[in-house]
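Notes to accompany the following structure.
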2 protein chains.
Amino acid sequence: MAPRPASKTAIPSDKVGVICRALRRAIIEQALAPGAKLPEDSLGERFGVSRTIARHALGQLAAEGLVELRRNRIAVVATPSWQEARDAFDIRIELERLVVRQLAGKLTKSQIAELNAHVDAEDRARDGSDAVSIRLATEFHILLANMTNSPILVRYVSEVAYRCCLTLSLYSRPHSSECAINEHRAIIAALVKGDEAKVMSLMHSHLDSVASRALVAPAPPRGRDLLDILAPYAEEGESERLVKLPKVVRAR
Amino acid sequence: MAPRPASKTAIPSDKVGVICRALRRAIIEQALAPGAKLPEDSLGERFGVSRTIARHALGQLAAEGLVELRRNRIAVVATPSWQEARDAFDIRIELERLVVRQLAGKLTKSQIAELNAHVDAEDRARDGSDAVSIRLATEFHILLANMTNSPILVRYVSEVAYRCCLTLSLYSRPHSSECAINEHRAIIAALVKGDEAKVMSLMHSHLDSVASRALVAPAPPRGRDLLDILAPYAEEGESERLVKLPKVVRAR
DNA sequence: GACCCTCAAAGTGCATGCAATTGAGGCGCA
DNA sequence: TGCGCCTCAATTGCATGCACTTTGAGGGTC
């Protein structure tokens with residue numbers, strides 16, 4: 001075995017998990033934009049593991065919908081269609097309504113404190129980069145899900161929240177997020193008060209407004225394949241011609 | 001609804017996918033009961049691939065919650081706790097309400113025919129093994145999800161349905177499923193009629209009744225670790241003692 | 001100048017090999 | 001007999017190697 005550089009391997013390494021978490025975070029902070037290439041060996045080299053492990057991590061992320069795997073091709077950060085984005089938000093709304101329904105009136109003092117602290121952090125980050133704001137906002141929802149103590153719910157909410165985050169980076173215009181922060185505070189308040197119906201409706205309208213602020217037009221383009229971008233402009237029956245446009249247009 | 005481009009989520013049509021599908025099916029038909037061991041090399045040998053591939057498949061199934069992966073230990077078919085089963089059903093109810101909401105009044109003739117044909121198949125299988133009935137019932141729900149043309153929704157519904165199926169094999173007593181079949185027919189009828197509210201409530205009560213028929217008592221035991229079974233019987237403060245019981249009791 | 005053909009470089013698909021960990025049976029001891 | 005330690009086969013964790021596929025750059029042709 002290759003001489004391992006003094007790493008404290010006494011702990012269960014879980015290298016795949018490490019890579020997954022790193023990539024997830026990079027993706028939702030838009031350090032890795034949709035369409036970015038993720039070659040196995042670069043990944044392996046970057047994280048000090050073999051291609052085998054990098055590959056395994058990519059497989060997991062693909063199952064979560066954050067990465068697209070095509071046979072014999074380099075993996076890329078997923079580029080969800082507008083419709084998929086809309087679907088993801090629809091699912092998310094239902095799941096998070098479930099979260100707050102389970103949580104209403106059941107939060108402990110320390111949980112409430114934790115939530116408030118998180119929103120405070122969101123507040124402080126308002127002047128920072130959009131990417132960080134988006135990540136914090138997403139993490140607020142995941143924090144909530146965690147408090148349900150339902151591993152399944154946590155997993156689904158996290159996954160779908162990450163996906164939504166990814167779509168935001170594709171379809172969203174630069175937005176101000178103050179309102180979102182206030183909505184988070186309102187949700188906490190309703191949770192504490194224990195008003196189940198109220199908090200479900202708050203969560204619903206919160207996510208709905210995030211979605212509709214973000215997914216304004218079904219006009220996608222950024223980072224997508226030129227062919228896809230041009231498709232809607234093709235006249236009826238012209239698709240054949242489009243495919244054969246000169247190289248420069250077909251370029252990726 | 002406008003015809004949506006078919007899912008491009010055909011991830012790997014390769015060997016990993018084949019193994020995953022085979023194992024999923026074996027698990028929901030209870031050919032592989034919860035707790036059953038899944039050694040990488042047996043799997044590889046059985047499917048004519050190397051351990052690498054078998055391992056990858058196990059990773060995917062673990063991400064779906066059908067398999068439990070413990071470091072340096074043989075993978076086993078998952079044994080969800082009673083609470084996890086309940087959580088899975090709760091999530092499933094919300095997701096499937098979403099499915100029928102999207103589908104109400106929008107089914108094509110051929111889709112309706114397909115659904116009816118499936119329920120007929122369920123009917124015919126009523127005399128067969130319980131395992132097949134359960135699988136067919138599950139596949140009815142997945143068939144519905146497929147008709148939404150939302151890859152994300154399909155994936156989540158499938159996953160959670162498989163999980164529920166798995167829990168049925170753990171906690172359910174032998175049950176008669178005629179009522180379930182009739183409920184399926186009622187759902188189709190309401191879908192055709194386009195009564196959104198009605199079909200959502202039908203789906204809700206259908207799944208709720210399946211869940212409550214199945215998850216009767218929070219008393220689990222089959223196939224679980226002895227320690228877990230004995231845990232509730234431990235007196236306060238005795239847990240320490242329990243852990244140190246002689247080997248024969250700790251046996252798995 | 002645009003097209004097409006060829007081919008090497010880059011990258012994936014998968015099997016295999018070796019080290020590390022586990023747990024089950026065997027041996028000694030009370 | 002019963003309990004604990006020790007050892008070894010079984011099994012996983014991971015890296016590496018080889019074959020195959022895709023990519024895209026260069027050069028020849030019209």
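None of the values given here were measured: they were computed from a predicted structure. First the proteins, then the strands, lettered A, B, ... as listed; each starts at 1.
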* In whole angstrom, give the distance that lies between atom CG of B:L69 and atom C1' of D:dT12. => 10 Å
* Assign the ring pair A:H56 / B:H56 to parallel, tilted or perpendicular, where the plane angle (0 to 90°) is split at 30° and 60°. => perpendicular
* Counting heavy atoms from C-beta on, name the nucleotide in D:dT22, D:dT12, D:dA15 closest to the side chain of B:I74. => D:dT12
* Structure fact -> Rounded to whole Å, NZ of B:K15 lies from C1' of C:dT12 at a distance of 14 Å
* Asked: DNA chain C: A:L58 or A:T52, which has the more 5' nearest nucleotide?
  -> A:L58
* Expressed in angstrom and rounded to an integer, what is the separation of B:R55 atom CZ from C:dA15 atom P? -> 14 Å
* Asked: Looking at the side chain of B:E40, which of D:dT16, D:dT12, C:dC14 is the nearest nucleotide?
  -> D:dT12
* Is B:Y156 close to B:I91 at the side-chain level, that is, under 4.5 Å between some pair of heavy atoms? -> no
* Asked: How close or far is atom P of C:dG13 from atom CD1 of A:I53, stated in whole angstroms?
  -> 16 Å
* Asked: Counting side-chain heavy atoms from C-beta on, which of C:dA15, C:dG23, D:dA15 comes nearest to A:V49?
  -> D:dA15
* **Shortest non-hydrogen contact from A:V67 toward A:A75** => CG1-CB, 4.1 Å
* Does B:L38 reach the side chain of B:L32, with side-chain heavy atoms less than 4.5 Å apart? -> yes
* Structure fact -> Per atom distances to the A:N72 side chain, the nearest of D:dT22, C:dT16, D:dG13 is D:dT22
* Rounded interatomic separation in angstrom, taking CG from A:D41 and P from D:dG17 -> 14 Å
* Tell me: CG of A:L38 to C1' of C:dG11, nearest whole Å? -> 13 Å
* Under 3.5 Å donor-acceptor pair, A:R51 side-chain atoms to C:dG13 base atoms -> yes
* Ignoring the backbone of A:S50, work out which of C:dT22, D:dA15, C:dT12 is nearest its side chain. => D:dA15
* To do: Using whole Å, report how far CZ of B:R70 lies from C1' of D:dG13.
  => 16 Å
* Asked: Over how many whole Å does the gap from B:H56 atom NE2 to C:dA15 atom P extend?
  -> 13 Å
* Are A:R71 and C:dC14 close enough that a side-chain N or O sits under 4.0 Å from OP1 or OP2? -> yes
* To do: Determine whether B:E45 and B:D41 make a side-chain contact, defined as any pair of heavy atoms from C-beta on separated by less than 4.5 Å.
  => no
